[in-house]
Chemist: 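Sharing a structure with you now.
We count ligands from 1, going down the list as the structure has it; atoms in each ligand are counted the same way. Scope of the values below: all heavy atoms of this structure, side chains included, with no hydrogens, waters or symmetry mates.
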Amino acid sequence: MGSTDRIKNVAARVAKWHDAGHQIVVVPSAMSGETNRLIGLAKEIMEQPDPRELDMIASTGEQVSVGLLAMALLAIGKDAVSYTGWQAGIRTDSAFTKARIQSIDDTRVRADLDAGKIVIITGFQGMDEEGNISTLGRGGSDTSAVAIAAALKADECLIYTDVDGVYTTDPRVVDEARRLEKITFEEMLELASLGSKVLQTRSVEFAGNYQVPTRVLSSLTNPLMPLEEEAKSGTLISFEEETNMEQAVISGIAFTRDEAKITVLGVPDKPGVAFHILGPVSDANIEVDMIIQNQSVDGKTDFTFTVSRGDYQRAMAVLEAQRDELGYTRIVGDAKVSKVSAVGVGMRSHVGVASQMFRTLAEEGINIMMISTSEIKISVLIDEKYMELAVRALHKAFDLEKA
Ligand code: ASP
Ligand code: MG
């Protein structure tokens with residue numbers, strides 16, 4: 001929601017659903033740019049803001065949104081009431097700035113719904129056991145919405161966002177990218193954790209754990225568009241795999257541009273090596289993604305792993321500092337690499353997906369530096385300058401273009 005006009009639009013959309021006889025809970029995010037602004041203010045005072053106080057500040061954006069939206073509904077004659085996360089019974093742990101929802105006491109909300117009210121609850125936040133305000137991490141209002149839908153056993157959780165659904169790949173990279181009408185929850189989870197910014201990863205985990213039918217759809221359509229049309233728009237995250245043969249083997253090509261790889265050369269090949277390399281990296285709160293350890297030659301081995309590019313310098317520094325303990329010959333790194341992944345539940349029942357992927361990249365002359373796989377995903381690490389080419393070639397090779 002970027003302006004009060006947009007808030008009035010949201011109110012009109014919500015009223016449309018309510019008029020059709022649905023009970024509605026709305027979970028808005030802060031107004032556009034607001035959370036960034038609040039975090040910016042905090043950083044002007046404290047470079048590394050105290051997490052509890054940061055949550056105190058960052059959570060306020062949503063409080064403004066819910067009040068405004070409730071008023072916009074009251075102004076058009078709808079009975080609406082707004083609550084903060086804690087008023088609505090959302091209990092989290094105390095991991096400030098990345099708290100997890102532990103329980104939701106929906107008594108108050110249910111009573112309002114039964115009385116015919118539209119209930120509006122702040123996304124992104126809750127309260128811990130000691131009564132401190134907590135936030136759920138950036139993009140956390142998605143998770144709030146799915147969690148509230150789960151607690152209320154809602155028929156569907158609709159996530160209105162600035163894209164009109166989940167695509168076979170990023171349409172900014174591939175013109176022929178196509179919106180998927182349905183995607184399985186597992187595929188969505190892979191896409192979210194691979195950096196597709198459509199939904200917060202944790203919200204997808206929640207949807208999966210509680211089997212919440214969740215639909216991603218556009219907030220930019222005309223709020224008065226016919227309800228039947230809107231109800232079928234976007235992409236539905238489903239829990240069943242299509243068994244029909246028409247189902248594409250691959251549902252999407254995902255990528256993360258900003259990766260970096262680090263190789264520790266000539267470490268002794270003995271128990272504890274991986275632990276001693278990655279332990280300090282993880283202690284520095286750096287997430288490691290792909291990992292390879294080579295066959296050892298003369299009792300020495302090389303160990304390569306990837307981190308996100310933003311953590312590259314820090315990860316290198318951590319390893320430099322461990323030089324004596326680790327006893328390596330040298331560390332080399334490359335911060336200009338990207339990861340490209342093919343995702344699809346169809347991989348389970350089809351062979352040859354990996355070889356098709358490698359053939360396609362070979363035909364484009366793209367060198368693969370690392371490979372990792374899961375049951376429904378194959379990822380490769382490549383030079384960043386070939387990333388877009390790889391995505392386009394794979395999108396075509398797996399027949400994902402518009403019909
Ligand atoms: N307002 C929060 C953020 O900007 C939560 C959200 O938008 O989902 O991260
Ligand atoms: Mg969001």
Chemist: With a cut-off of 3.5 Å and sequence neighbours excluded, list every side-chain donor-acceptor pair involving residues 328-336.
Modeler:
unit_1	atom_1	unit_2	atom_2	d
Tyr328	OH	Leu319	O	2.8
Thr329	OG1	Leu265	O	3.0
Asp334	OD1	Lys336	N	2.9

Chemist: Using modelled atom types and a 3.5 Å cut-off, is there a donor and acceptor pairing between side-chain atoms of Thr168 and backbone atoms of Gly252?
Modeler: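 Side chain of Thr168 to backbone of Gly252: no pair is present.
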Chemist: Return a yes/no value for Ser141: is any of its N or O atoms, backbone included, closer than 3.5 angstrom to an N or O of ligand 1?
Modeler: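 So ligand 1 has an N or O lying under 3.5 Å from an N or O of Ser141.
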Chemist: Below 4.0 angstrom from a heavy atom of Gly139, which ligand 1 atoms are there? Numbered from 1 as shown, please.
Modeler: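 So the atoms of ligand 1 that pass are 3 (C), 5 (C), 6 (C), 8 (O), 9 (O).
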Chemist: Minimum distance, heavy atoms only, to atom 4 (O) of ligand 1: which one of Arg138, Met31, Glu62 is it?
Modeler: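 The residue whose heavy atom sits nearest atom 4 (O) of ligand 1 is Arg138.
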Chemist: Side chains of residues 21-28: which donor-acceptor pairs under 3.5 Å do they make with residues two or more places apart or in other chains?
Modeler:
unit_1	atom_1	unit_2	atom_2	d
Gln23	NE2	Leu113	O	3.2

Chemist: With heavy atoms under 4.0 Å as the rule, classify the contact between Ser29 and ligand 1 as side chain, backbone, both or neither.
Modeler: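 Side chain only; the backbone of Ser29 stays clear of ligand 1.
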Chemist: Look at ligand 1 and say whether Gly140 reaches it with a heavy atom at a distance under 4.0 Å.
Modeler: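 The answer is yes: ligand 1 sits under 4.0 Å from a heavy atom of Gly140.
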Chemist: So, are Lys78 and Asp19 salt-bridged, with charged N and O less than 4.0 Å apart?
Modeler: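 Yes, charged N to carboxylate O under 4.0 Å.
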Chemist: Report yes or no: does a heavy atom of Gly61 sit under 4.0 Å from some atom of ligand 1?
Modeler: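 Checking ligand 1 against Gly61, which is what was asked, there is no heavy-atom contact under 4.0 Å.
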Chemist: Apply salt bridge (Lys or Arg N to Asp or Glu O under 4.0 Å) to the pair Glu388 and Arg172, showing each step before the final yes or no.
Modeler: CA-CA 10 Å; Glu388 302 208 349; Arg172 284 169 300 191; over 6 Å; no
